[in-house]
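Here is the structure we will look at, set down as structure tokens.
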There are 2 protein chains.
Amino acid sequence: MANLKQLSEKLGLSQTTISRALNGYPEVSEATRRRVIEAAREHDYEPNSSARRLATGKSRTIGHVVPISHHDMINPHFTDFIAGAGAVYNRRGYDMLISVVDSAQEAATYRALKRNGRVDGIIVHAPIVRDPRPAMLRKLGLPFVVHGRTLDDEASYAWVDVNNCRAFREATQHLIGLGHRRIALVNGLEHMAFAQRRREGYESALREAGIAVDGTLMSSDEMIEPAGYEAMRRFLALAEPPTAVLCASALSALGVMGAAREDNLLPGTGISIICYDDCLSFLDIGPDGMGLTVMRSAIREAGEHCASMLIDRIEGRQTAGRILLEAKLIEGRSTARCRPAPGRRAAHKAPATPG
Amino acid sequence: MANLKQLSEKLGLSQTTISRALNGYPEVSEATRRRVIEAAREHDYEPNSSARRLATGKSRTIGHVVPISHHDMINPHFTDFIAGAGAVYNRRGYDMLISVVDSAQEAATYRALKRNGRVDGIIVHAPIVRDPRPAMLRKLGLPFVVHGRTLDDEASYAWVDVNNCRAFREATQHLIGLGHRRIALVNGLEHMAFAQRRREGYESALREAGIAVDGTLMSSDEMIEPAGYEAMRRFLALAEPPTAVLCASALSALGVMGAAREDNLLPGTGISIICYDDCLSFLDIGPDGMGLTVMRSAIREAGEHCASMLIDRIEGRQTAGRILLEAKLIEGRSTARCRPAPGRRAAHKAPATPG
DNA sequence: TTGTAGGCGTTATCAA
DNA sequence: TTGATAACGCCTACAA
């Protein structure tokens, strides 16, 4: 059945009553409600969403703007975030609108989404250190939740983030506790807010332990396999290569391990590796999949939190406004006490010395 | 400015005229048109999309239904496909609606999308060998394009696919030409239509060369890193391990190479590896990124083709209906002439023998 | 508890 | 070339 009118004629009821019955208004008698619901199912009726949107002024749609730029790449972590958010939308009756735009168009896209009422709210992805988007969206009057948070004005909007600083601090401390002092960091791009905080955590742990921060042991790039590989190659070419590496993503770690293996360094033996684990489903590091030591926090859950929080706000429900997730250290076999292993690459440059 | 009415009052023109001017109808004088367009920009007016949809009966939205099931995973190849399709939607003024649903809900979701007019068309992802979706969507009267094609009724709907059979045949022939006879296949899940065709291509090349098809040299699983790893471990445990491996995805290849390295087999030396390359941006195998020999066809372009074709059909334009893309063999350093290399794992089980 | 009537912001059909 | 006016399909005061 196409529309309300037809159904109302068929049932001999007014459109109003049917609408009320279907939308759960209290003033409808249980008998009619049952009759209406039954008839709706039978005739396969469902309200036209455009009409409903026009009448209510709500779109029941959440927008995700995905700027495409570096290597024309969509961040591979995006898939799992979307899986989490999408499940919530589905459950709560919202649609997910994804706009793939040139990064220069991003601001214009937000304005357009607002202007023509296509979305009720926005999820902001991958905030940079000082990001103009929160202020802009606030000015537009478009509800939004940020996945992550900026460095300068995080108190002024709703966000869901992982405690990246603490996570990387803890990971670094763990390595220090194992006796490592040459600890490398394979970080994400450092204009990203999260990468900045991760570096902060890493450096603070080093300083606390009286270890000098060494720029040659840090890299900053996209969190993808080839970047991890290149970074590790550079580290291994140093006069004093690291004995441990901290990776910002399992994808980077893949590259790091590849480069390490080329030098006959096995994780947990020749080198200690610990990586931040978003629980990317397509890598499936799993409870023990790769035996890696990880700092774990599922990006998928972040997606769920973002979606829930945004919908709550749109619907005027009370909400936390800020959720800070804690990553959890899970020991695997890729980290071990620091002792220059036989066959270590550095060994034939400088004979193994204690300390 | 919020709506047509206000703009019309401001300009002293009827809503009709303004609508016509903005939508490029021919019967408007150039003078008024210019005036209207100018005013629209100045007052930041844009038609409300719900209202327009209601009036036209078109949603200008394309739906992608993503069933989530295996390991709660969204296929990682999805991101790049979306990047391609999304760019086209953006250019042609369409929205992309993504529904993440439980795989049991998929059919119901299509029906719902049709019923309430949320989308003008659908992209069907990852068809299985005999897939009910094309018939179902046809019956629903929902325009669609399939990325890939079924085995039984491919002639009955529009699709964009890679010539998987030919690609895998050619890849296998290439390895055979290098003298390999123990060639393994790390395939995708074989209820998927594309995986079936790939296997077909692989087997036909073997048969043509008089090489027996050996079930122990074939694996079929998700195209992700850990699955590739496991498959390769099994192959390497065989009495006569393969001298060459054909991988269905760069992600599987990553796992395969990892397992190979653990046995001191280097690609291009101890073992030949060739993989199907979707040009996943986050792996960035690149023109020479990893030096792999690949069969290449960008999944991103498939996304573009699908989107264009679907929009053409929705708008009643003439269209090809079928696009068969050819993958291209690109030689890297991961394939070499077959000769049992020193240190090959099989060597200490059976001394190297020619042939 | 049910119905009537008006409005949501466009587009489309007629007249003028 | 322009303008009334009626859809489009639903929701929601207000009335009964």
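Sequence lines set the chain letters: A, B, ... in the order given, protein chains first and strands last, and positions in each chain run from 1.
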Check whether S59(B) reaches the backbone of D120(B) with its side chain - one donor and one acceptor, N or O, closer than 3.5 Å. yes
Check: Is a side-chain donor or acceptor of D153(B) paired with a backbone partner of S156(B) at a separation under 3.5 angstrom?
Finding: no
Under the side chain to side chain contact (heavy atoms under 4.5 Å, CB included) rule, collect the residues that match up with [X], sequence neighbours excluded.
X       : answer
E315(A) : R60(A), R92(A), Y94(A), I311(A), R317(A)
A298(B) : C279(B), E301(B)
A112(A) : R115(A), R118(A), E46(B)

Atom [atom1] of [X] to atom [atom2] of [N]: distance rounded to whole Å?
X      : N      : atom1 : atom2 : result
L11(B) : dT2(D) : CG    : C1'   : 14 Å
E30(A) : dT2(C) : CD    : P     : 11 Å
I18(B) : dG9(C) : CD1   : C1'   : 13 Å
L13(A) : dT4(C) : CG    : C1'   : 14 Å

Report task. Take the angle between the ring planes of H64(A) and F78(A) and call it parallel below 30°, perpendicular above 60°, tilted in between. Result -> perpendicular
Hits for ring-ring contact (aromatic ring centres under 6.0 Å, His included) against F81(A), two or more places apart or cross-chain, chain-then-number order -> H125(A), H147(A)
Are any of T17(A)'s side-chain N or O atoms less than 4.0 Å away from OP1 or OP2 of dG3(C)? yes
Quiz item: OP1 or OP2 of dT1(C) less than 4.0 angstrom from a side-chain nitrogen or oxygen of T32(A), does that happen here?
Solution: no
To the nearest 10 degrees, the angle between the two end axes of the helix from dT1(C)-dA16(D) to dA16(C)-dT1(D) (five pairs per end) comes to 40°
Heavy-atom contacts, protein to nucleotides 9-16 of chain D, under 4.0 Å, summarised as B (base), S (sugar-phosphate only) or - (none) per nt, yield BBSBBB--
Value for CD1 (I122(A)) from CE (M136(A)), rounded to nearest 0.5 Å, stands at 10.0 Å
